[in-house]
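Comments concern the structure below.
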Amino acid sequence: MNAVDPTQPYDDQNIFAKILRGELPCEKVYEDEWALAFHDIGPQAPIHILVIPKGPYVSLDDFTAKASDEEIAGFCRAVGRVARDQGLVEPGNRSIANTGPDAGQIVAHFHVHICGGRPLGRMIPE
Ligand code: 5GP
């Protein structure tokens, strides 16, 4: 899959848009007015969950530039809630938002990865 160009307009044919519309399945762990959370199809840790906003945003950049304060607050609370529900606060976890080619973003709908379940090592391998 090609890397996302974060300067392009939102494309509603991306995979996560299709999951939001129920056109593709997902293994849901949480949903509220602002966010949907589901297991990553290619987990890179024992627990690897994606949290996505319900609105059409390409990246964290796009989300923070265009979303309302209510959407941003609702989404951030959902990320925290999922990590808590998964028991990942006490042992620790890592939340990651990739933006654009240098970060390897491949899905053009803003998402936060929540990874945990084992020690994760350094944030960026040398
Ligand atoms: P990115 O590199 O864009 O930050 O990460 C996209 C993530 O989406 C990857 O970890 C990839 O495994 C996951 N992913 C891609 N397609 C699907 C899918 O159809 N369903 C689910 N659940 N995850 C997906």
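Side chains are part of it too, since the values below use all heavy atoms of this structure and drop only hydrogens, waters and symmetry mates. Counting starts at 1 for both ligands and their atoms, following the listed order.
For Glu23, the salt bridge (charged side-chain N to carboxylate O under 4.0 Å, His left out) criterion is met by Arg21, not counting sequence neighbours. Annotation: salt bridge (charged side-chain N to carboxylate O under 4.0 Å, His left out) contacts of Asp62 (sequence neighbours excluded): Lys66.
Ring pair Tyr57/Phe110: centre-to-centre distance not below 6.0 Å. Checked against a 6.0 Å centroid threshold, the rings of His113 and His111 count as neighbours.
Counting only residues at least two apart or in different chains, salt bridge (Lys or Arg N to Asp or Glu O under 4.0 Å) contacts with residues 82-108 comprise Arg81-Asp85.
For the pair Pro53 and His109, the minimum side-chain heavy-atom distance is below 4.5 Å.
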Tabulated below should be the N or O atoms of ligand 1 paired with protein N or O atoms at under 3.5 Å; can you produce that?
| residue | atom | partner | partner atom | Å |
| --- | --- | --- | --- | --- |
| ligand 1 | 2 (O) | Gly104 | O | 2.9 |
| ligand 1 | 3 (O) | Ile106 | N | 2.7 |
| ligand 1 | 3 (O) | Val107 | N | 3.1 |
| ligand 1 | 3 (O) | His111 | NE2 | 3.0 |
| ligand 1 | 4 (O) | Asn98 | ND2 | 2.9 |
| ligand 1 | 4 (O) | His111 | NE2 | 2.7 |
| ligand 1 | 4 (O) | His113 | NE2 | 2.8 |
| ligand 1 | 5 (O) | His111 | NE2 | 3.3 |
| ligand 1 | 5 (O) | His113 | NE2 | 3.3 |
| ligand 1 | 10 (O) | Asp40 | OD1 | 3.3 |
| ligand 1 | 10 (O) | Asp40 | OD2 | 2.5 |
| ligand 1 | 12 (O) | Asp40 | OD1 | 2.5 |
| ligand 1 | 22 (N) | His39 | O | 2.9 |
| ligand 1 | 22 (N) | Ile41 | N | 3.4 |
| ligand 1 | 23 (N) | Ile41 | N | 3.2 |

